[in-house]
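Notes for the one structure printed next.
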Amino acid sequence: LAANGKLWYPPQYHLNGAIFSMAGERFVSTYYFYLFCGLFFIATVFLLIRELFGSWPAIFSSLLLVVSMRDVTNWVLGLWPERLSFALVPLILYCVYKGEFKYYMVAAFLVASQFFLHPQGVIHSFLFTVLFLILSLVFTKEMPFKFKDILIPIGLCALLVVPFLGNVTS
């Protein structure tokens, strides 16, 4: 707990608990949630890598994620609350890569969702998006987006997140 008895982050344990309790009251629903998070992460990485590099690299990267001991260790050690938030990072990068207004709107909604799942995902999404945009600018010599296309999505994300900042910060 931070100063004044307030949390410095949204209570993602309660949110994730509510999500996996939708599958039932038994403890097995927790494992269904883990399964969903793992499969969702593999699917989003496949989607992003296929769009950037093609089908074969996407298949190989997904296969590596399936047998990755790093992901298994996260579940065993109980580091699962941020996993769903991190699974959204490749999907957000995919939306930014597509470069259309409707994809920017989806990305803004996903970033706002990340804030409520675990704030570390927002930080990673921001850093990787900035890195992607810088590399895109360097290699293509043009701005990968129009500022007028991103103003409304940024406003939407701020509208969804800012009202809750006072409740979670000191």
Side-chain angles (χ1 to χ4, degrees), residues 9-136 139 144-145 149-150 152-154 156-157 160-161:
Y9 60 91
Q12 77 276 3
Y13 295 104
H14 304 294
L15 178 63
N16 288 336
I19 290 171
F20 64 70
S21 71
M22 290 189 301
E25 294 297 323
R26 297 177 35 209
F27 190 76
V28 146
S29 62
T30 305
Y31 294 113
Y32 289 148
F33 179 70
Y34 295 167
L35 176 67
F36 169 76
C37 289
L39 292 176
F40 184 71
F41 183 61
I42 292 167
T44 58
V45 167
F46 177 82
L47 184 69
L48 176 66
I49 300 298
R50 187 187 68 192
E51 187 69 30
L52 292 174
F53 303 111
S55 294
W56 284 109
I59 291 169
F60 289 133
S61 63
S62 297
L63 285 175
L64 287 174
L65 285 173
V66 167
V67 297
S68 169
M69 281 309 293
R70 184 178 192 282
D71 286 334
V72 172
T73 304
N74 283 328
W75 301 121
V76 171
L77 295 177
L79 305 173
W80 53 268
E82 70 274 0
R83 299 308 291 169
L84 186 56
S85 180
F86 284 135
L88 294 175
V89 173
L91 192 57
I92 291 168
L93 290 176
Y94 174 80
C95 290
V96 170
Y97 175 75
K98 291 303 270 185
E100 296 178 23
F101 179 75
K102 63 183 177 182
Y103 287 105
Y104 291 146
M105 292 297 284
V106 171
F109 177 73
L110 291 173
V111 168
S113 300
Q114 274 186 317
F115 175 77
F116 295 108
L117 292 169
H118 201 282
Q120 279 184 331
V122 176
I123 295 167
H124 282 79
S125 292
F126 177 75
L127 293 175
F128 284 120
T129 301
V130 167
L131 180 66
F132 170 74
L133 294 175
I134 289 171
L135 290 174
S136 179
F139 289 116
F145 61 88
D149 286 342
I150 64 167
I152 293 175
I154 289 174
L156 170 69
C157 187
L160 292 172
V161 169

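- The heavy-atom pair separating Ser62 from Phe46 by the smallest distance is OG-CB, 3.2 Å.
- The NE2 atom of His124 lies 10.0 Å from the CD atom of Gln114; values are rounded to the nearest 0.5 Å.
- Between atom CZ of residue Phe40 and atom CG of residue Leu88 there is a gap of 5.0 Å, rounded to the nearest 0.5 Å.
- Listed for the Ser136 side chain is no donor-acceptor partner under 3.5 Å among the backbone atoms of Phe132.
- Atom CG of Leu65 is separated from atom CG of Leu39 by 11.5 Å, given to the nearest 0.5 angstrom.
- Environment of CD1 in Ile59: crowded, with over 12 heavy atoms of neighbouring residues, nucleotides or ligands closer than 6.0 Å.
- Note that CZ of Phe101 and CD1 of Ile150 are 11.0 Å apart. Values are rounded to the nearest 0.5 Å.
- Side-chain N or O atoms of Thr44 include none that pairs as donor or acceptor with a backbone N or O of Pro90 at under 3.5 Å.
- For the atom pair SG (Cys157) and CE (Met105), the distance works out to 10.5 Å, reported to the nearest 0.5 Å.
- Atom CG in Leu156 sits 8.5 Å away from atom CZ in Phe109 (nearest 0.5 Å).
- Shown are Val111, Ile134, Leu93; of these, the side-chain contact (heavy atoms from CB on, under 4.5 Å) with Thr129 is made only by Leu93.
- Taking both residues in full, the closest heavy atoms of Tyr104 and Gly99 are given as OH-CA, 3.4 Å, listed atom of the first, atom of the second, then distance.
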From CA spacing to verdict: side chain to side chain contact (heavy atoms under 4.5 Å, CB included), Leu47, Leu91: CA-CA 8 Å; Leu47 184 69; Leu91 192 57; 3.8 Å; yes

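- Annotation for Ile92 and Ser125: closest pair CD1-OG, 3.5 Å, computed over non-hydrogen atoms.
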